[in-house]
Amino acid sequence: MSRLAQTHGLTDVQREILSTVRDFVDKEIIPVATELEHRDEYPQDIVDGLKELGLFGLMIPEEYGGLGESLLTYALCVEEIARGWMSVSGIINTHFIVAYMLKQHGTQEQKDHFLPRMAAGDVRGAFSMSEPALGSDVSAISSKAVEDGEEYVLNGQKMWLTNGGTSSLVAVLVKSDEGHPEGTAPHKSMTTFLVEKEPGFGEVRPGLTIPGKIDKMGYKGVDTTELIMDGLRIPANRVLGGVTGRGFYQMMDGVEVGRVNVAARGCGVAQRAFELGVQYAQQRHTFGKQIAQHQAIQFKLAEMATKVEAAHAMMVNAARKKDSGERNDLEAGMAKYLASEYCKEVVEDAFRIHGGYGFSKEYEIERLYREAPMLLIGEGTAEIQKMIIGRRLLEEYRFQG
């Protein structure tokens with residue numbers, strides 16, 4: 001175990017889980033990650049291995065066949081997986097958010113139907129809020145559901161679905177005006193639908209098309225897609241929670257834990273960048289000595305390690321706050337903001353330590369340099385996090401004048 005990013009107060013079970021995951025990352029992910037990433041190849045063998053470890057059911061309650069672990073345990077596992085290859089942690093994250101939303105907000109029938117198969121990894125989840133024209137403004141969604149007897153008809157285009165092709169269950173947020181008077185606030189007339197589909201691309205069920213993978217700078221291997229609904233008919237019993245108008249709150253609850261996950265990913269990528277940087281600094285020689293012996297490089301390593309440690313501490317604090325049942329949007333926003341920014345900086349410093357070799361695809365740091373930027377925008381940009389943090393601070397420190 002590295003001396004950095006240690007977590008105190010873990011149980012023996014948590015330590016055993018993390019040790020198992022770290023061994024899997026070192027043996028099964030790191031040796032093949034760069035090659036698979038360069039080919040933009042879905043890591044099927046790795047996913048199968050995670051399924052065998054039970055990670056798809058890590059936070060799903062034991063009564064549904066899961067391990068019933070905490071958000072902290074899950075976040076620490078994500079940190080380890082992202083240290084190996086961030087794309088793999090994305091495959092787990094979207095699945096986890098849908099399972100979490102089902103656990104927290106689903107009807108008993110929905111939980112009984114989906115959670116056991118999700119815990120086994122036989123049903124893989126994805127969730128969909130964003131659309132081509134709205135960016136961070138979720139209230140501006142135009143996709144719509146219209147009630148038609150015992151069904152709803154969905155139309156619209158969604159964007160940026162992680163696992164859009166490989167998933168078999170998508171939680172989709174759309175507008176649903178029925179039952180909500182004219183003038184209702186936009187966020188109170190949104191509904192989350194549980195959409196089952198066949199994995200793959202093209203028309204994956206009548207009225208639902210997954211066009212294909214979006215080509216990206218980084219975050220390769222995992223499929224990122226659009227989702228097009230054209231007369232998609234969904235039974236009323238697939239409204240998450242059984243009641244329309246609650247979708248925005250359900251999604252925000254899922255994204256809140258997703259922000260802890262993105263923070264954990266930033267911690268894992270930063271930790272790997274530090275490992276690569278400190279290793280290369282002791283292998284490369286200039287002016288008759290290791291570059292690690294030059295003060296300028298030692299200063300970089302000191303700053304990198306401090307950032308890794310600080311981001312990890314904030315991520316752990318946010319996860320523990322959520323596990324306690326307390327509101328954690330402030331802590332999750334701070335952790336996501338800091339970890340993603342520090343990740344970018346640590347990766348760039350490791351890139352600089354590698355010099356010209358950092359620009360070569362033969363070196364792992366080149367892949368990390370392309371992956372880190374995704375964390376700056378995933379689950380809300382830095383600007384969105386600052387808005388959340390600022391508003392919460394004003395609630396906590398309201399001036400009584």
Side-chain angles (χ1 to χ4, degrees), residues 4-5 25 29 33-34 37 71 74-97 126-127 129-130 135-136 159-163 214 216-224 254-277 303-304 307-319 329 331-351 364-389:
L4 288 180
V25 169
I29 298 183
T34 296
E37 197 270 351
L71 177 60
Y74 176 77
L76 294 175
C77 287
V78 166
E79 182 180 36
E80 294 292 350
I81 293 169
R83 174 182 155 267
W85 185 12
M86 191 185 73
S87 292
V88 178
S89 65
I91 293 170
I92 294 286
N93 179 45
T94 50
H95 173 87
F96 156 70
I97 290 179
F127 77 104
M129 286 194 302
S130 188
S136 299
M159 192 71 172
W160 306 119
L161 278 76
T162 300
N163 289 344
I214 298 169
K216 310 182 296 288
M217 175 178 73
Y219 199 40
K220 293 180 178 291
V222 60
D223 48 297
T224 304
V255 168
E256 194 171 283
V257 294
R259 285 181 179 135
V260 176
N261 173 285
V262 172
R265 285 197 250 180
C267 292
V269 173
Q271 188 173 158
R272 183 59 180 165
F274 173 79
E275 292 171 359
L276 294 172
E303 292 170 359
M304 292 161 68
K307 289 173 180 176
V308 168
E309 196 77 359
H312 175 84
M314 291 198 73
M315 179 270 291
V316 168
N317 180 56
D329 53 340
E331 290 78 9
M334 285 182 168
K336 191 274 174 186
Y337 168 58
L338 190 80
S340 59
E341 294 291 337
Y342 276 180
C343 174
K344 177 201 68 172
E345 294 170 11
V346 171
V347 168
E348 182 168 335
D349 279 341
F351 176 84
E364 189 178 342
I365 191 63
E366 182 270 343
R367 168 170 63 83
L368 270 59
Y369 195 78
R370 288 183 290 103
E371 290 179 338
M374 198 285 290
L375 298 173
L376 299 173
I377 54 176
E379 258 71 350
T381 63
E383 290 73 22
I384 290 293
Q385 306 312 317
K386 290 176 185 178
M387 286 174 58
I388 293 169
I389 294 165

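No hydrogens, no waters, no symmetry mates; every other heavy atom, side chains included, goes into these values.
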Side chain [X], main chain [Y], donor-acceptor under 3.5 Å:
X      : Y      : result
Lys336 : Gly378 : yes
Arg259 : Glu379 : yes
Lys220 : Glu371 : no
Gln385 : Gly380 : yes

Atom pair [atom1]/[atom2] of [X] and [Y] - distance to nearest 0.5 Å:
X      : Y      : atom1 : atom2 : result
Ile97  : Met129 : CD1   : CE    : 8.0 Å
Tyr74  : Asn93  : OH    : CG    : 4.5 Å
Glu79  : Met315 : CD    : CE    : 4.0 Å
Glu309 : His312 : CD    : NE2   : 7.0 Å
Asp223 : Ser87  : CG    : OG    : 10.5 Å

**OP:** Tell me, please, which residues at least two apart from Glu345 pass salt bridge (Lys or Arg N to Asp or Glu O under 4.0 Å).
**Re:**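 With sequence neighbours excluded, Glu345 shows a salt bridge (Lys or Arg N to Asp or Glu O under 4.0 Å) to Lys307, given in chain and number order.
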Original post:
Can you name the salt bridge (Lys or Arg N to Asp or Glu O under 4.0 Å) partners of Asp329, sequence neighbours left out?
Top reply: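 By the salt bridge (Lys or Arg N to Asp or Glu O under 4.0 Å) rule, Asp329 matches Arg327, Arg392.
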Subject >> Salt bridge present between Lys386 and Glu383 (N-O < 4.0 angstrom) >> reply: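 No, this pair does not count.
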**OP:** State plainly whether the residues Glu348 and Lys344 are in salt-bridge range, i.e. N to O under 4.0 Å.
**Re:**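 No salt bridge links Glu348 with Lys344.
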Subject >> Test side chain to side chain contact (heavy atoms under 4.5 Å, CB included) applied to Ile388 and Ile384, step by step >> reply: CA-CA 6 Å; Ile388 293 169; Ile384 290 293; 4.0 Å; yes
Original post:
Are any of the side-chain heavy atoms of Met374 and Lys216 separated by less than 4.5 Å?
Top reply: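 Counting from C-beta outward, Met374 and Lys216 never come under 4.5 Å.
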**OP:** For the pair Met159 and Ile214, evaluate side chain to side chain contact (heavy atoms under 4.5 Å, CB included) and give the outcome as yes or no after the intermediate values.
**Re:** CA-CA 10 Å; Met159 192 71 172; Ile214 298 169; 3.8 Å; yes
